[in-house]
Engineer: 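Right, I'll just put the structure down here and ask away after.
The first residue in the sequence is number 1, and the count goes up from there.
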Amino acid sequence: MMKKNIYQLLNEVETDFREYEQTELSSREKDYHKQKVLMEVRRMGNKENKNKKGRVWKAAAGMAAACAVAVGVTSLANPVLAKEIFSNVFGNLVENAQGEKYEKEDTEMYTKLGKSATAIQDEVSKQQEQGSYVTTMENNGVTVSVSDVYCDGYVLYYTASIKTDNEGLNKADGIIVETKEGQRNPSIFVDGAQLSGYSSKAFDKSKDGSFVTINQIDLINPTDAQEKAIDLKVGEKDTLVVDWDVKQFVGYLWDQWEESGEYVSTGKVEGDWHLRFPVTVDKSNNESFDINKEENGITVKSAVKTKAGLVVEVELPDFTKAPYNDPYNDPYVGIKDSQGNWLQWMNQRTDMHEDGTSTMQIMVLYDGEQDLTFEVTTKDEEPVTLANIGFQVP
């Protein structure tokens with residue numbers, strides 16, 4: 001009998017989820033965590049797990065831990081220099097990434113976004129109704145501030161920091177925004193619509209004593225709290241207004257666990273933090289171009305280059321049918337540079353059609369690479385390449 005590969009094992013594993021706290025993920029969040037886990041599985045090797053912390057995306061903590069593997073990387077940026085290039089929060093994010101498991105990926109992301117983002121005070125100063133915005137709020141000894149924003153019409157990022165005199169939180173390695181019983185928290189509203197496509201990352205402690213984070217809001221296919229598609233009418237130079245409501249912060253130690261498997265908590269602070277800030281949708285540098293290349297029934301149609309990313313649109317067949325015969329209709333897809341390295345995933349949208357085919361938009365971090373390849377492979381023990389479509393970015 002042929003030995004099953006890791007993808008088949010992940011698809012077929014049986015888990016008693018009654019043992020875990022239930023956290024409902026939106027369809028956008030499910031896509032995000034699925035791609036992160038698959039990228040992690042592809043990097044699996046024989047190296048030791050030297051970093052117990054891993055990625056702390058609360059909704060997928062168990063999944064990420066199951067795939068935790070160390071990756072040998074080298075420092076890509078001088079943290080001191082980084083703080084001179086862009087904001088202190090981005091500098092702290094870069095500094096916190098040094099020596100961590102995802103140092104290379106995180107440093108690339110923070111550096112690219114840091115150079116393209118706008119300081120929140122500069123953003124507010126452009127608006128006529130400046131008094132209606134709240135970018136810093138203190139409650140119960142915890143001060144939360146929004147520092148930088150980035151939006152190209154496909155994704156919206158904002159950085160934030162926490163400063164506190166709370167003894168319990170200050171003992172923590174990181175602080176997580178957690179749900180409070182009976183409430184949906186945190187709540188993110190964009191132009192008054194509560195969104196479900198929101199990825200909330202932990203605030204990690206920096207050497208200066210602050211806690212910093214960067215959060216992402218999906219704009220490729222925004223959905224409301226009931227996961228119904230909504231139209232935010234994102235124009236060329238529109239301003240989106242983001243409302244961020246938080247009711248509870250919990251501090252954790254990343255290298256200590258309770259018997260239940262949860263991180264050891266150092267303290268909790270409940271309160272009411274409501275931040276409201278503007279974000280300019282800057283599409284001025286977005287550049288569209290056609291590709292129209294096909295291989296084995298798979299077509300790379302077009303792409304859009306943004307300030308920090310590349311959005312590639314592809315047409316995919318029904319992989320359950322011949323000649324693919326994939327029972328899950330779920331091959332691995334990704335974009336590689338000329339050296340064969342996978343470009344870092346940022347966002348994704350998949351539109352399934354009645355005949356089993358689909359249209360997919362894949363957004364990856366982009367830093368000027370000209371020769372790229374869209375690759376599709378099966379998830380067999382010995383992967384079969386279904387398509388290897390090279391294209392150029394002008």
Engineer: For the residue pair T135 and Q121, confirm or rule out a side-chain donor-acceptor distance under 3.5 Å.
Structural biologist: yes

Engineer: Can you tell me which residue among N139, V144, N140 is in a side-chain contact (heavy atoms from CB on, under 4.5 Å) with V142?
Structural biologist: V144

Engineer: Any donor-acceptor pair under 3.5 Å linking the side chain of S265 with the backbone of G251?
Structural biologist: yes

Engineer: Taking atom NZ of K163 as the centre, does the number of heavy atoms from other residues, nucleotides or ligands within less than 6.0 Å exceed 12?
Structural biologist: no

Engineer: Examine the side chains of D148 and T159 and answer whether a donor and an acceptor come within less than 3.5 Å of each other.
Structural biologist: yes

Engineer: When you check the side-chain N and O atoms of D208 and S210, is any donor under 3.5 Å from an acceptor?
Structural biologist: yes

Engineer: Parallel, tilted or perpendicular for W254 and Y263, by the 30°/60° rule?
Structural biologist: perpendicular

Engineer: I would like to know whether F319 and Y324 meet ring pair (Phe, Tyr, Trp, His ring centres under 6.0 Å); could you show each step before the answer?
Structural biologist: CA-CA 5 Å; F319 289 103; Y324 318 103; 5.0 Å; yes

Engineer: Answer yes when K247 and D272 have at least one side-chain N-carboxylate O distance shorter than 4.0 Å, and no when they do not.
Structural biologist: yes

Engineer: Other residues, nucleotides and ligands only: do more than 12 of their heavy atoms fall within 6.0 Å of NZ on K126?
Structural biologist: yes

Engineer: Checking side chain to side chain contact (heavy atoms under 4.5 Å, CB included) for the pair I214/Y150: CA distance, chi angles, key distance, verdict?
Structural biologist: CA-CA 11 Å; I214 183 168; Y150 167 90; over 6 Å; no

Engineer: So, K112 and D367, do they make that salt bridge, N to O below 4.0 Å?
Structural biologist: yes

Engineer: Measure from the side-chain N and O atoms of T111 to the backbone N and O of T107, and report whether any donor-acceptor pair falls under 3.5 Å.
Structural biologist: yes

Engineer: Stepwise, does the side chain to side chain contact (heavy atoms under 4.5 Å, CB included) test hold for T306 with M363?
Structural biologist: CA-CA 10 Å; T306 75; M363 186 175 191; 4.0 Å; yes

Engineer: Without hydrogens or angle criteria, can the side chains of T164 and N166 be said to hold a donor-acceptor pair below 3.5 Å?
Structural biologist: no

Engineer: Scan V190, V279, D191 and name whichever one has a side-chain contact (heavy atoms from CB on, under 4.5 Å) with V241.
Structural biologist: D191

Engineer: Starting from the C-alpha separation in whole Å, work towards a yes-or-no answer on salt bridge (Lys or Arg N to Asp or Glu O under 4.0 Å) for E167 and K171.
Structural biologist: CA-CA 6 Å; E167 184 177 352; K171 290 180 180 178; 3.6 Å; yes

Engineer: Tell me yes or no: between the side chains of T385 and E375, is some donor less than 3.5 Å from an acceptor?
Structural biologist: no

Engineer: Does a side-chain N-to-carboxylate-O contact under 4.0 Å join R276 and D243?
Structural biologist: yes

